[in-house]
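In what follows, a single structure is set out as structure tokens and then discussed.
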Amino acid sequence: MNKPAMENMKPHHLCFLLLVINSSLQAICGQVFKQQTRDTEYVVAGESITFLCSVPNINRYILRWLFKPNASKYRMDAGWIFPGGYVSTFGQFDLPPGRTQLTNGMFKITQLTVQDEGHYWCETSSVETPTTFGDKTPVHIWVTPQEPQIVPIGNGTVLEHTKTTVARCSSRAGKPEAKLTWMNGSEPLVTSAQPLVSKNSFSDYLWDIELDLILEDPTRFDHKRPFQCLIEHPAYKGEIKKLNHSVNVLYHPVNIRIWANTTSLYVYCEADGYPAPSYTWILPGDIDSEGPELLMSDLYDLPGTQWFECTADNGIPDHAVARILVDDLRWPN
Ligand SMILES: *[C@@H]1O[C@H](CO)[C@@H](O)[C@H](O)[C@H]1NC(C)=O
Ligand SMILES: *[C@@H]1O[C@H](CO)[C@@H](O)[C@H](O)[C@H]1NC(C)=O
Ligand SMILES: *[C@@H]1O[C@H](CO)[C@@H](O)[C@H](O)[C@H]1NC(C)=O
Ligand SMILES: *[C@@H]1O[C@H](CO)[C@@H](O)[C@H](O)[C@H]1NC(C)=O
Ligand SMILES: *[C@@H]1O[C@H](CO)[C@@H](O)[C@H](O)[C@H]1NC(C)=O
């Protein structure tokens, strides 16, 4: 964020009556005259902000920039600019040196950190005029979390109809914590999982969040389906990060079908299932065979009223069986 945060100062007329240069009376003015507070500026840590203060004649005034940390009652000097343009910055605002720049009525802070969170304003004074105060600008700092990640839980394979926690999506060290959502396609996943928010172990003001992917009743429709973890954070400025995770679902053979290629004379048996099923056949004439495909060079010589029977099995009960009449195989319609 780089837009000027303060444009005007309102003179505090009662102060004129006091005719002050004395610092204790300046403090009284500061309390007596209500300063306006502007809208909060939200800045991502590492970025910069610029404040403006209008000064009638920079060569005759002392311009002070003040800062009150959010967590503190006390204000502190951030920077001074004296008549003639001599500049001084203080404490955190000079760490690393050159981090802040003061020129005329402008105060720019770069490489913002959480320690810079609080209220900023300017004060001008000169020998002839009493102190005037600029509006207060609250500055709120967002911290970009570390790159989100998904950690698989278990061996990546789940049994159909068995509630299983399969992965954990996490976003660490953000301010505030990120928002996590597991999606099934375009719909949020219906799940009993609750996000877990905790303080980051390395910092008092950063937050971790994690959310498990729990499949309450996995079915074959969830086999290799990409579930997405959406990660939202104000520091991403509207971008939504997405991570995919999928698992294998063990399921018994379904959708078994027998068909023939009447040109090549191959007969096929196919079924869906995970792991891939193996196939056994009972052929016309009660011959046994194995494998998903058979070359039946005598397809057109077989008795039309006999059966092809195929069994698909992948070790997960139940197996699947299909039967078809030789005639129906030869002339499917
Ligand atoms: C100051 O702290 C409060 C409480 O932690 C917070 O709600 C508020 O946003 C903070 N203000 C700024 C300017 O960061
Ligand atoms: C993976 O875990 C599931 C359920 O916990 C188990 O049934 C299966 O045998 C395991 N598979 C492998 C390859 O270890
Ligand atoms: C995901 O969506 C698909 C399609 O709507 C559905 O068949 C499946 O059961 C869903 N899976 C979960 C875990 O909700
Ligand atoms: C994640 O899954 C979505 C579908 O839900 C797909 O469009 C996207 O390409 C996948 N991304 C990656 C990196 O695999
Ligand atoms: C049937 O077999 C022929 C000859 O091998 C091949 O060209 C054709 O693509 C096959 N048809 C199907 C539907 O697989």
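Counting convention: from 1, in listed order, for ligands and their atoms alike.
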* Could you list which atoms of ligand 4 come closer than 4.0 Å to a heavy atom of Gln228? =>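 Selected atoms, number and element: 1 (C), 2 (O), 3 (C).
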* **For Pro226, the ligand 4 atoms whose distance to one of its heavy atoms is below 4.0 Å** =>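 In order of numbering, the contacting atoms are 2 (O), 4 (C), 5 (O).
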* Heavy-atom pair of closest approach, residues Arg99 and Leu112 ->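 Result for this residue pair: NH1-CA, 4.0 Å.
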Starting from [atom], what is the nearest protein heavy atom, named by residue and atom, and what distance separates them?
{"atom": "atom 3 (C) of ligand 5", "answer": "Asn261 ND2, 3.6 Å"}
{"atom": "atom 12 (C) of ligand 3", "answer": "Asn184 ND2, 3.4 Å"}
{"atom": "atom 5 (O) of ligand 5", "answer": "Ser264 CB, 3.7 Å"}
{"atom": "atom 8 (C) of ligand 3", "answer": "Asp222 OD1, 3.4 Å"}
{"atom": "atom 4 (C) of ligand 3", "answer": "Arg225 NH2, 3.5 Å"}
{"atom": "atom 13 (C) of ligand 4", "answer": "Asn244 ND2, 4.4 Å"}
{"atom": "atom 7 (O) of ligand 3", "answer": "Phe221 CB, 3.6 Å"}

* May I ask you to list the atoms of ligand 3 that are less than 4.0 angstrom from any heavy atom of Leu189? =>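 Per the distance check, 12 (C), 13 (C), 14 (O).
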* Asked: Hey, does Phe308 have a side-chain heavy atom less than 4.5 Å from the side chain of Cys269?
  ->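 In short, these two side chains do not touch, never coming nearer than 4.5 Å.
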Aromatic ring proximity [X]/[Y], centre distance under 6.0 Å:
{"X": "Phe133", "Y": "Trp121", "result": "no"}
{"X": "Tyr61", "Y": "Phe82", "result": "no"}
{"X": "Phe67", "Y": "His119", "result": "no"}
{"X": "Phe51", "Y": "Tyr120", "result": "yes"}
{"X": "Phe227", "Y": "Trp182", "result": "no"}

* Applying side chain to side chain donor-acceptor pair (under 3.5 Å), run through Asp328 and Trp331 and close with a yes or a no. => CA-CA 5 Å; Asp328 290 341; Trp331 297 288; over 6 Å; no
* Asked: Is there a nitrogen or oxygen of Trp259 sitting under 3.5 Å from a nitrogen or oxygen of ligand 5?
  ->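 In fact, backbone or side chain, Trp259 has no N or O that close.
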* To do: Look at ligand 3 and say whether Glu187 reaches it with a heavy atom at a distance under 4.0 Å.
  =>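 For ligand 3, residue contact (heavy atoms, under 4.0 Å) with Glu187 is absent.
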